[in-house]
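These values consider heavy atoms only, across backbone and side chains, with no hydrogens, waters or symmetry-generated copies.
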Number of protein chains: 2
Amino acid sequence: MTVQRADARRNHALILAVAEKEVAAHGANASLEQIARTAGVGSATVRRHFPSRRALLSAVFGKRIDDLRARAVDLAEADDPRAALLDWLSALTAYATSARGMADALLQDGGDDADHADACSLRLGGAVDPLLRRAVRAGAVAPEVTTADLITLVTGLALATEHHPNPAAEANRLLTLTVRGISPQS
Amino acid sequence: MTVQRADARRNHALILAVAEKEVAAHGANASLEQIARTAGVGSATVRRHFPSRRALLSAVFGKRIDDLRARAVDLAEADDPRAALLDWLSALTAYATSARGMADALLQDGGDDADHADACSLRLGGAVDPLLRRAVRAGAVAPEVTTADLITLVTGLALATEHHPNPAAEANRLLTLTVRGISPQS
DNA sequence: TGCTAAGTGGCGGGGTCCTCCGTATCGTAC
DNA sequence: GTACGATACGGAGGACCCCGCCACTTAGCA
C-alpha cells in the first residue's frame, strides 16, 4: 500500500461517481452489482475499493458530511447560539432526508467493528460539538445532551419519514416539534 | 372466499408462530424462505397467506399492537392526562425497541397501496387518539400534534437506536429528551 | 525493454424473492 | 360411503444479489 496505481485511482473515482447516482435513485441498499455493471467494471473491483456497503455509503456521502462540518464551523461564531444550533439541525435534517440512504450511513457505523476513522457520525460529531456546547453554556440546551443524541434524533426522524409523501417537510415539522418538546411542562 | 379450509387455517397459525420466532431473531427482514423451511411448508404457501412482508410483520405484531391499544384504553381514564400520555409513549418505545422489526412494521404501512384495514399504525392511532386529545385539552400538548406524529417519532427513535448497545435504555432516554424538548426556550 | 506486484474481471456457489402449474386434499352433495 | 369441485399446496425454475476464488492483464520501476 505504498501508493495507489493510477488505474486504481481512476476506477475508485468512477465507481464513486456511479454509486452516488445509484444510491440517490435506489436508497441505501442499491445493488452493488448494478453499480459495477453501470461503471463497466467487475463486481469484485467494487468490493475491492469498498469492502463493505457501509464503506461505500460513507464515501458517497463524504462530501455532504464535509459540507455539514463546514456549516457547523461557520455557525459556531453566529450571534445567537441557540439559533445557530437549530439552524444546523435543520440543515442536517434537510441533508438526511434529501439524500436517501444517508441516514442509514450515519447510523450503522459503530454497529460493526469497522475502523472508526472514516465513520460518518464521528466526523460530524466533532465539528458540531463546539456548536452544542455553546448552546449549553447559553442555557438553551440541557447539559447532558450530546452531539450523538442530536444526530441520532435527526437520523431517526429521517428514517421514520422516509415513506412519507413529502419526507423533507415532514421531517422538518417533526424536528421543530422535537426542539420545542412534545410536552415540555417545565 | 366463503370460509377458509381447515388445513389453510392450520398452516396460517403455524407460519405465524414460526415467523414470530424468526422475526424476533433476525429482525424485520428475516428470510421468508427460512420461515417456510422451518414451518415445513412450501415458500409459496407463506406468500399465499401473507402476500407481502409487511402483511406478515403486521400479523406477527398484531398481539403487541392489541396490548398497546388496551393500554391506551386503560390510560384514557387516568387522573393526569399528561402523565397518561407519557406513560403510553414509554410503553410504545419499550415495545418498539424490544421487538426487532416492529418499528419497520409500524412505519412501512401506508407506503404501498395495501389495504389499510389491518395496517399497524392506523390500528394504534385510533386507540391513542382519545389519550392525545385529552392531553391537548389539558394544555400539555400543542393542538397541532397528531397521533401519527407521536408514532412516527417513537418509531424513528427505535430505528435510530437499533444498533446501540442498549437500545431500550437509549431510546427511552431520547424519548424523555424529546418530550421535554431539545431546546424549549418558551 | 523486462519484470513484478498491484489490480482486474469473470466464474461458480449459495442465498433470496417471486411466479407458475400440476397435484393433493378438504368439504360437500348425493 | 363415495364422488366431485373448489381450494390449497409445494416444488421447479427464472431473475437477482452477495461473496470468494483465481488466472490473467497492466502499470510503473529498473
How many Å lie between [atom1] on [X] and [atom2] on [N], as a whole number?
X     : N      : atom1 : atom2 : result
A:N11 : D:dA27 : CG    : P     : 11 Å
B:L32 : C:dC18 : CG    : C1'   : 10 Å
A:R9  : D:dA27 : CZ    : P     : 13 Å
A:I15 : C:dG7  : CD1   : P     : 12 Å
B:I35 : D:dG10 : CD1   : P     : 15 Å
B:H26 : C:dC17 : NE2   : P     : 12 Å
B:D7  : C:dC26 : CG    : C1'   : 6 Å
A:F50 : C:dG7  : CZ    : P     : 14 Å

B:A8 or B:E33, whichever maps to the more 5' nucleotide of DNA chain D: B:A8
Residue whose nearest DNA chain D nucleotide is more 5′ - B:T45 or A:A6: B:T45
Short side-chain N/O contact from B:R53 to OP1 or OP2 of C:dT16, under 4.0 Å: no
side-chain N/O A:R37 vs D:dC17 OP1/OP2, d < 4.0 Å: yes
Candidates C:dC17, D:dG10, D:dC17 - which lies nearest the side chain of B:R48: D:dG10
Among D:dA8, C:dG7, D:dC19, the one nearest A:S43 by side-chain distance: D:dC19
Sole candidate of B:D129, B:L150, B:L92 that passes side chain to side chain contact (heavy atoms under 4.5 Å, CB included) when paired with B:L124: B:L92
Residue met sooner reading DNA chain C from 5', once B:R5 and B:Q34 are mapped to nucleotides: B:Q34
Side-chain donor/acceptor contact of A:R47 with base of C:dG9 under 3.5 Å: no
Pair of N/O donor and acceptor under 3.5 Å linking C:dG7 base with A:R10 side chain: no
N-O pairing of A:E144 and B:R173 below 4.0 Å: no
A:H49 and A:H12 aromatic ring geometry - parallel, tilted or perpendicular at 30°/60° bounds: perpendicular
Residue pair A:L56 / A:I35, side-chain heavy-atom distance below 4.5 Å: yes
Sugar-phosphate only, base, or nothing, as touched by A:H49 at under 4.0 Å among non-hydrogen atoms: sugar-phosphate
A:T155 to A:T152 - nearest heavy-atom pair and separation: OG1-O, 2.9 Å
